[in-house]
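Here is the structure we will look at, set down as structure tokens.
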Amino acid sequence: MAKKKKRLTPKQNIIKGLIKENPTFVLILGMCPTLGVTTSLENGLGMGLSVLFVLILTNTLISLIRNIVPSEIRIPVYIVVIALVVTMLEWILQAKFTDLYNSLGIFLPLIVVNCIILGRAEAYASDNTIFDSIFDAIGMGLGFTLGLSTLSFVRELLGTGSVQLLGFTLFETSVAATFLVQPAGAFLTLGLIVGIINTIKVDKAKKKKAIMDIKIAAALKIKAAKAAAALAKEELANG
Amino acid sequence: MGDLLTLAFTSFLVQNIILSQFLGICSFLGVSNKRSKALGMGLAVFFVITLSGVVTWLIYYKILEPGGLTFMRTIVFILVVAAMVQILEMAIKKFSPLLYGSLGVYLPLITTNCAVLGVALLNIQNNFTLTEALVFSAFTSLGYTAVIVVFSYIREQMLKAPIPEGFKGIPSGLIAASIMALLFKGFVGLI
């Protein structure tokens, strides 16, 4: 049912999720937890890894059942599968990582409606093999983790003056702008990061275009010169 | 009564669902580029959140808790929300084709709007009574509608501004949202 696409190798698949189609900075998906839990690096990483876990399981399961489920009711079925996996994750975190469970709060059950997970299920796992789907999930999950940890690192460092991870203090500065750990700071930091990434992309595209223009101009010159030479040769031969 | 008023006010402005709770951001950024779209989405969300907030409360306290099934709440709630959206879509289609014309396209999107499931879960987390849950759901979703409509006006104006290429669209929208969040922080002093 899907159009024939080139199959990506596992490595390409992971790079696609991490950089080219980074869910946070490029696709702008899953914004609620991205803004909501990134007040500290620990929370950001915890959320990212939780989504990675859920994504690997749901992509595997959905790829497994992709040929059994009638396409009319696939979305409700996917949502139930995702909700099951998320409930499992809730139990695991509540039992083993109570601190993380408490600090993620409502955003943990809300992984069910995270657009990345349903999006990958619908766009990728529903018509790819299990093997490919797992690597797609790893790439996307790591990309999301990268996005969240970048954002939370910046916010925690500038907002509180130090970054804590597993009880260690990674950085310490004497100044802090508390504004950045508040809701308004979340919007601002993400807006700036996405804006900077887009600006770099626009610049790159412009440079590429400039180089192409020079190449085209050069090619045209060579062509014109060749034509002139041919014309001169012809004239010489004629007379 | 005073408590309910405070609750209504808090959920509408001070703890605004978009600007301070970060729920429903996807649709907030997605449909806020046009006024008509924002209003349609806002109204659809208002109906669904208010209805599903009350229904999930009833299901949780009348069925899940007596039956010792509270661990199932995430699955049950998402199913209720999905069913709710379907029923509402059919009902609107049958009784008010006019309203369906303006809200119809937004209804299927609402199932995966985290604000809906979020409000249902917050109702339980905050140990609300049924009246409180109703007030909280209604005013939270009104807060969503208000912010998304105001924001769509801002974004329409921003189209006229000379913004650097890389910041057009989402990035500048996020920065505008940040300023709005700062403004809404001012309401904290009112209570």
Side-chain angles (χ1 to χ4, degrees), chain A residues 25 28-38 75-76 78-91 94 105-119 179-180 182-203 205-206, chain B residues 15-30 71-79 81-83 86 108-122 124-126 163-185:
Chain A
F25 297 138
I28 324 259
L29 284 179
M31 282 296 106
C32 304
T34 307
L35 295 166
V37 302
T38 52
I75 302 280
Y78 295 167
I79 291 180
V80 172
V81 170
I82 295 169
L84 273 172
V85 175
V86 171
T87 307
M88 244 168 65
L89 176 77
E90 268 184 89
W91 294 340
Q94 196 172 15
I106 189 166
F107 287 102
L108 193 59
L110 282 180
I111 296 178
V112 178
V113 284
N114 191 320
C115 343
I116 298 173
I117 293 168
L118 191 63
F179 159 71
L180 285 172
Q182 286 165 359
F187 285 111
L188 185 71
T189 320
L190 184 66
L192 288 179
I193 294 180
V194 175
I196 291 168
I197 290 175
N198 278 353
T199 311
I200 294 171
K201 261 200 212 150
V202 169
D203 274 3
K206 264 188 193 158
Chain B
Q15 291 280 334
N16 186 280
I17 187 154
I18 294 178
L19 296 173
S20 84
Q21 312 248 24
F22 301 116
L23 298 176
I25 305 280
C26 289
S27 57
F28 174 62
L29 293 171
F71 61 88
M72 292 276 287
R73 61 170 191 192
T74 313
I75 301 176
V76 173
F77 283 10
I78 189 73
L79 285 175
V81 170
Q86 281 292 325
L109 292 175
I110 293 178
T111 313
T112 51
N113 187 329
C114 30
V116 183
L117 188 61
V119 169
L121 289 167
L122 280 173
I124 305 301
Q125 212 174 47
N126 294 337
I163 297 169
E165 188 87 15
F167 278 83
K168 269 183 190 156
I170 301 277
S172 56
L174 281 168
I175 293 169
S178 149
I179 297 169
M180 257 179 104
L182 266 186
L183 290 176
F184 269 68
K185 246 196 125 239

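Below, chains carry the letters A, B, ... as their sequence lines are ordered, and counting in each starts from 1. All values reported here derive from a predicted model rather than from experimental measurement.
- For the atom pair CD1 of I79(A) and CD1 of I75(B), the computed distance is 12.5 Å after rounding to the nearest 0.5 Å.
- In this structure, chain B has heavy atoms under 4.5 Å from both the backbone and the side chain of P109(A).
- Residue contact with chain A, scored on non-hydrogen atoms closer than 4.5 Å, is absent for F77(B).
- When the ring pair (Phe, Tyr, Trp, His ring centres under 6.0 Å) test is applied to F22(B), the partners found at least two apart in sequence or on another chain are F187(A).
- A distance-only check finds no donor-acceptor pair linking the side chain of S178(B) to the backbone of G185(A) [under 3.5 Å].
- Heavy atoms closer than 4.5 Å to chain A are found in both the backbone and the side chain of L23(B).
- Listed here is the closest heavy atom pair of P171(B) and G191(A): CB-O, 3.5 Å.
- Both the backbone and the side chain of L182(B) come within less than 4.5 Å of a heavy atom of chain A.
- G118(B) and I106(A) get closest at one heavy-atom pair: O-CD1, 3.4 Å.
- Side-chain contact between I82(A) and I78(B): absent, with no pair of heavy atoms (C-beta onward) separated by less than 4.5 Å.
- Atom CG of L192(A) is separated from atom CD1 of I175(B) by 4.5 Å, given to the nearest 0.5 angstrom.
- Both the backbone and the side chain of L122(B) come within less than 4.5 Å of a heavy atom of chain A.
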Name each donor-acceptor pair under 3.5 Å that joins a side chain in residues 29-36 of chain A to protein atoms two or more places apart or in another chain, with its distance.
from, atom 1, to, atom 2, distance (Å)
T34(A), OG1, G30(A), O, 2.5

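- I75(A) does not touch chain B: none of its heavy atoms, backbone or side chain, sits under 4.5 Å away.
- The contact between A177(B) and chain A is made by backbone and side chain atoms together, counting heavy-atom distances below 4.5 Å.
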